[in-house]
Participant: 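Starting off with a structure, shown below.
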There are 2 protein chains.
Amino acid sequence: MKMNEGIEWAIHCCSLLAHLPDKAALSVGALSEFFDIPQTYLAKNLQLLSRAKIVSSAKGPGGGYRLARNARNISLLDIVQAIDGRDPCFRCTEIRQRGPSALPPSRYRKPCGIARTMLKAEQAWRDELRKVSILEIKELGITETNPSQTRKAEEWLISVLRSPLSKGSSGTIYTLQK
Amino acid sequence: MKMNEGIEWAIHCCSLLAHLPDKAALSVGALSEFFDIPQTYLAKNLQLLSRAKIVSSAKGPGGGYRLARNARNISLLDIVQAIDGRDPCFRCTEIRQRGPSALPPSRYRKPCGIARTMLKAEQAWRDELRKVSILEIKELGITETNPSQTRKAEEWLISVLRSPLSKGSSGTIYTLQK
DNA sequence: TTAATTTCGGATATCTATTGACCGTTATTA
DNA sequence: TAATAACGGTCAATAGATATCCGAAATTAA
């Protein structure tokens, strides 16, 4: 059982987008360069975030992606479900309805106890993910990241956002830290 | 993200084995017939349970599988990990160490905050699974299963265990309910 | 209006993990 | 000795994850 790698990318991207000043956006190209990950596949995952209304997108020059709402209101569960869907990991195949001791399907009212137990465990997992917001992830990153990396990231971001075609960047001085 | 189907099979098998009287065993063939699942792949999964010391095996006529210890002391987590291994679903690929703002590897002491958060959620999932024993799963099955199915299953089991080659079955009358 | 940029959606290819079958070996029983 | 049954390895088929490409639509700037 292995989790979609796009989930890791999506969380990192959202955390980075949470650093941007209002109205500013980053293109797929910029994001894939910042994280050094495959551009086309990242594009697919960002589209999923867009459909889930976690990020909003703008086409054309200076366009790109930004968070669709406050980072405080985006949970890790939102992102995981946007990328991976809402199907549970455990899928009950109704084994109990097969084999020599099976009964007609109408006789099975309650869902299988094994399935209920497995799904309850997944619920505990989701509950944990729901508790954590992108804002917290962002702040965790700031406090734990080497200051020199923060500076490097800041400089890179500023250079990208100041490029001729990006909106909301004319002369804006800002810091990654707030 | 989809869970190994063998896990569902393994839990059902262990729950059934928990019904057997002492010393009795069921072969792969019997188990695959009871649940109507592919014999060869089930065999693979039972071997994994055997290596994990969740079931014990006996070769030769009358051999097969039985629980290696009391059903109370086998948790769903034991089974999940036996079949699926112990690797976490979420694998951190250290994205933060890539791209234009990366630093030399030695500068990253603590593990990535995103990874820690994701792994903590998985821990909550495992904690839930650890709480549930095969004994509870078995009892859940008994109380929730249609009495007529219980009877059918019982009859099937008795017929299999009374077959000439099975051990510990000579004249033993027992019930699935206890 | 035109050219450049950028997301969107579909189609498709590639890689990897899961699912499943097969076979020779070994241990056990009758 | 013959039959049973787990064991371990290899291999094939399928499904899922990863990745690329392309045409279309929208937006911006010149």
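By convention in this document, chain letters (A, B, ...) are assigned in the order of the sequence lines, proteins followed by strands, and residues within each chain are numbered from 1. Quick caveat, the model's predicted, so the values are computed rather than measured.
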Participant: Can you find a side-chain donor-acceptor pair between A:R96 and B:T145 that sits under 3.5 Å?
Facilitator: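 B:T145 and A:R96 do not have a side-chain donor-acceptor pair below 3.5 Å.
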
Participant: Please give, in whole Å, the distance from D:dG8 P to B:N45 CG?
Facilitator: 14 Å

Participant: Rounded to the nearest angstrom, tell me the gap between atom CD1 in A:I83 and atom P in D:dG16.
Facilitator: 18 Å

Participant: How far apart are the closest heavy atoms of B:L161 and B:P21, and which atoms are they?
Facilitator: CD1-CD, 4.2 Å

Participant: Just how far, in rounded Å, is P of D:dT18 from CG of A:L42?
Facilitator: 13 Å

Participant: Hey, is the side chain of B:S50 poking within less than 4.0 Å of OP1 or OP2 on D:dC7, counting only N and O atoms?
Facilitator: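 Answer yes for this pair, as a side-chain N or O of B:S50 is under 4.0 Å from OP1 or OP2.
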
Participant: Check the distance between C:dA21's C1' and B:Q47's CD and give it to me in whole angstrom.
Facilitator: 14 Å

Participant: Classify B:G64 by what it touches in the nucleic acid, base, sugar-phosphate, or nothing, heavy-atom distance under 4.0 Å.
Facilitator: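 Sugar-phosphate contact only - B:G64 comes under 4.0 Å of backbone atoms but never of a base.
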
Participant: Could you give the CD-to-C1' distance, from A:Q39 to C:dT5, as a whole number of Å?
Facilitator: 12 Å

Participant: Tell me the interatomic distance from A:E8, atom CD, to D:dA17, atom P, rounded to whole angstroms.
Facilitator: 16 Å

Participant: Looking only at atom types and distance, does a side-chain atom of B:K152 sit under 3.5 Å from a main-chain N or O of A:A102, one as donor and one as acceptor?
Facilitator: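 It does hold such a pair.
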
Participant: Looking at side-chain heavy atoms only, is the closest gap between B:I114 and B:F90 below 4.5 Å?
Facilitator: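 Contact flag for B:I114/B:F90 side chains = yes.
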
Participant: Does a side-chain N or O from B:R51 land closer than 4.0 Å to OP1 or OP2 of D:dG8, or not?
Facilitator: yes

Participant: If you find the nucleotide of DNA chain C closest to A:S57 and the one closest to B:T40, which residue's nucleotide is nearer the 5' end?
Facilitator: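 Residue closer to the 5' terminus by nearest nucleotide: A:S57.
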
Participant: Can you figure out which of C:dT7, D:dA6, D:dG8 approaches the side chain of A:S27 most closely?
Facilitator: C:dT7

Participant: What protein N or O atoms touch nucleotides 15-19 of chain C N or O atoms at under 3.5 angstrom, if any, and at what distances?
Facilitator:
| from | atom 1 | to | atom 2 | distance (Å) |
| --- | --- | --- | --- | --- |
| C:dT18 | OP1 | A:M1 | N | 3.3 |
| C:dT19 | OP1 | B:K2 | NZ | 3.4 |
| C:dT19 | OP1 | B:E5 | N | 3.0 |
| C:dT19 | OP2 | B:N4 | OD1 | 2.5 |
| C:dT19 | OP2 | B:E5 | N | 3.4 |
| C:dT19 | OP2 | B:Y41 | OH | 2.9 |

Participant: Between C:dT28 atom P and B:K59 atom NZ, what is the distance in whole Å?
Facilitator: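 The answer, rounded to whole Å, is 7 Å.
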
Participant: Using every non-hydrogen atom in the two residues, find where A:L67 and A:C14 come nearest and quote the distance to one decimal.
Facilitator: CD2-O, 4.0 Å

Participant: Only one of A:K53, A:R130, A:R69 clears salt bridge (Lys or Arg N to Asp or Glu O under 4.0 Å) with A:D78; which?
Facilitator: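 Among the candidates, only A:R69 passes.
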
Participant: CZ of B:R66 versus C1' of D:dA5: gap in Å, rounded?
Facilitator: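 Whole-Å distance recorded here is 15 Å.
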
Participant: Could you check whether any side-chain heavy atom of A:W125 comes within less than 4.5 Å of a side-chain heavy atom of B:E128, counting everything from C-beta outward?
Facilitator: no

